[in-house]
Amino acid sequence: MQAIILAAGMGRRLGELTKENTKCMVPVNGIRLIDRLLGQLSKLPLNRVIIVIGYKGKELKEYIQSSFHIPHSCVPSVASVLRPSATFHIEYVENPIYDKTNNIYSLSMVKDQLQEDDTLLIESDLIFSDRLFPMILENPYPNLALVAKYESWMDGTMVRLDADNNIVNFVPKQAFDYADVDSYYKTVNIYKFSRDFLKNSYVPFLEAYTKAVGNNEYYENVLRILSLLNTHSMKAQPIGNEKWYEIDDKQDLDIAEALFADDKDVLRKFYGRYGGYWRFPQMLDFCYLVNPYFPSKRMKDELRSNFDTLLTEYPSGMKVNTLIASKSFGVSEPYIVPGNGAAELIKVLMEGMDGKVGFVRPTFEEYPNRFDKERQITFVPQNEDYRYTADDLMASFSDQDIQALMVINPDNPSGNFIPKADLLRLAQWCEERDIRLVVDESFVDFSDTRSSLLSDEILETYPHMAVMKSISKSFGVPGLRLGILASADKDLIARIKKEVSIWNLNSFAEFFMQIYNKHENDYLKACEKFVVERAGFEQQLRTVPFLRVMPSQANYFLCEVLPPYTATEIVIYMLRQHNILTRDCSNKPGLDPNKQYMRIAVRNHEDNTRLVEGLKKLKVKS
């Protein structure tokens, strides 16, 4: 068997990264694509590797020969970190008109070699799991394409399969239909062809196609013609959850570096993204905190039905959006300001704070991160579950000269909850001392009592109090970037309205607020369903022997990781082995530095069960 690598392209979309080198010379986490690929090929029973070069081909050839100590065309080994174990010859074929042709021409340049042996065909801009080559070689079918179920990040050639994994159609870009994505698979651009198929079917059609249509085409078009003959000459091998990525631009490279990072960097690369995890195929995100049961299908359908209008029309300004927020959340217009996520409002609120501010730690760090560290007064609960009450806060801050007090209720990550009556006692205590009380109730709808402070009566009774709420979390719409701040302190609300943009909300967020009240009963049912699921999930988590689960009234659990494991070990294990991302909280300020902690979000029952089953497969160390 031989391998053919197509590496003639210019990789323009990678910008300066391909100014001096072709795409396969781009490093991913310090290892060039070509190094990784040759290392993987060196473990296979190959007679030779043929590389079709073009753009910066001379530099690529010289690099391979110098880096891998190749005498003439023989490569005895490749990068030692990849542990090669085979010997094969490398040959080069040059595409001199790489800038005027497409990959069909590069492949046609090796049509004679294609007819000499069974062939692996690989495109050079790929990074993929070491298990993919064994997967395609161990499949007994002679003509095979590796394919992956369609994901939103994928571009290029799609295929349709029948029940026996025969490829019944190759779908070119111009025929792509988003209505059909559930039936699409993306070619991974790794193929296995028999010599007989290449000699008697593919190459003759390749010659006819290029003669009739030209060289600025794709080699998959020939496979498409063959698939339409109903000969079932090509089968597909779905790769399931195996990792791979096609690197066409800088964003692709960034994602690939996270997917294929080593253990010491993988969490930094994932956590540093602050979301956007939908770009990672089939990964379950147990880090970010949303409602798993809302919006309802009915509400989503209403949003979809207005998609074209919302996409192409300007949103309203602050005046109208304040009116809509007032209607949706039952607070008078002068008392409420909507924001582009709670984060926008937190920034403006904290930057306008005078004097010293009291914080409870551990907590949601966005608040203290937006405030001068020298003016922070911190209370840390002195118990292993990080529980605290309104009385604890009043006792701790009674002799402190603070101008404001921040309370997250339920708190993040502890899940600690102060009942409404006690919170109002704290509000009265703050009123008497002229202290601004800021209550972030982003998770309160997940509590057993759903005891919100958003009402004119409460706000007017405690004018020093401000109530923050992230709509993203409890309403399950983080992509909309929507939050609100409410207070009877009209000067505070007016100041914040002046400091945020007049168009700080997009049309989708505005429309969500506009229609929310029609769907409020569905929201209440979703919250009730969530409370039941959280209770069951807590019981499941308590069966994991290396976790100590703390009670929570939010949509997450803070868990102490018991020896001999560390939180980092468990998080990396779950990501590598089960494609589940959880949060290592061990370094969070306020948590015991001598212990290990994870925060685990609550998702739906199926996802929660999958997480627990994955954790249980990690055996306790002896």
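Since the structure is predicted, the reported quantities are computational estimates derived from the model, not experimental observations.
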Check whether the ring centres of Y105 and Y219 lie less than 6.0 Å apart, and answer yes or no. no
N139 and Q237: side-chain donor and acceptor closer than 3.5 Å? yes
Working for side chain to side chain contact (heavy atoms under 4.5 Å, CB included), residues L575 and V266: CA-CA 9 Å; L575 181 59; V266 64; 3.6 Å; yes
Ring-face cation of K243 near F260 (centre distance under 6.0 Å, axis angle within 45°): yes
Angle class for the F537/F286 ring planes (parallel below 30°, perpendicular above 60°, tilted otherwise)? tilted
Between OG on residue S194 and CG on residue N200, distance to nearest 0.5 Å: 8.5 Å
Residues H519 and E302: side-chain donor-acceptor under 3.5 angstrom: yes
Full working for side chain to side chain contact (heavy atoms under 4.5 Å, CB included) between V171 and D180: CA-CA 11 Å; V171 183; D180 296 332; over 6 Å; no
Classify the ring geometry of F294 against Y523: parallel below 30°, tilted from 30° to 60°, perpendicular beyond 60°. perpendicular
Consider only side-chain N and O atoms of S129 and E242, and report whether a donor and an acceptor are under 3.5 Å apart. yes
Give a yes-or-no answer on whether the side chains of S474 and N291 include a donor-acceptor pair shorter than 3.5 Å. no
Closer than 4.0 angstrom, basic N to acidic O: yes or no for D607 and R610? no
Y274 and Y288: aromatic ring centres closer than 6.0 Å? no
Quick one about Y202 and E207 (side-chain donor to acceptor, distance below 3.5 Å, no hydrogens or angles considered), yes or no? no
Side-chain touch M234/L226, heavy atoms, less than 4.5 angstrom: no
Distance under 6.0 Å and angle within 45° of ring axis: R599 vs F557: no
Can you find a pair of side-chain heavy atoms, one from T18 and one from M10, that are under 4.5 Å apart? no
Considering only NZ, NE, NH1 and NH2 on the basic side and carboxylate oxygens on the acidic side, decide whether D254 and K269 come within less than 4.0 Å. no
Which heavy atom of D248 sits nearest to which heavy atom of D125, and what is that distance? OD1-OD2, 3.3 Å
Looking only at the side chains, is there a donor atom on one of Y63 and D35 sitting less than 3.5 Å from an acceptor on the other? yes
Would N21 and K56 count as having a side-chain donor-acceptor pair, cut-off 3.5 Å? no
Between E91 and Q113, does any side-chain donor sit less than 3.5 Å from a side-chain acceptor? no
Does the gap between the ring centers of Y184 and F176 come in under 6.0 Å? yes
Between I247 and V26, is a side chain to side chain contact (heavy atoms under 4.5 Å, CB included) present by the stated rule, with each step listed? CA-CA 9 Å; I247 301 175; V26 172; 5.5 Å; no
Look at the aromatic rings of W153 and W244 and report parallel, tilted or perpendicular, splitting at 30° and 60°. tilted
Indicate the ring-plane relationship of F193 and F197, choosing parallel, tilted or perpendicular according to the 30° and 60° boundaries. parallel
For E116, which of Q2, K199, R195, R48 qualifies under side chain to side chain donor-acceptor pair (under 3.5 Å)? R48
Output field: ring centroids Y245/F128 closer than 6.0 Å: no
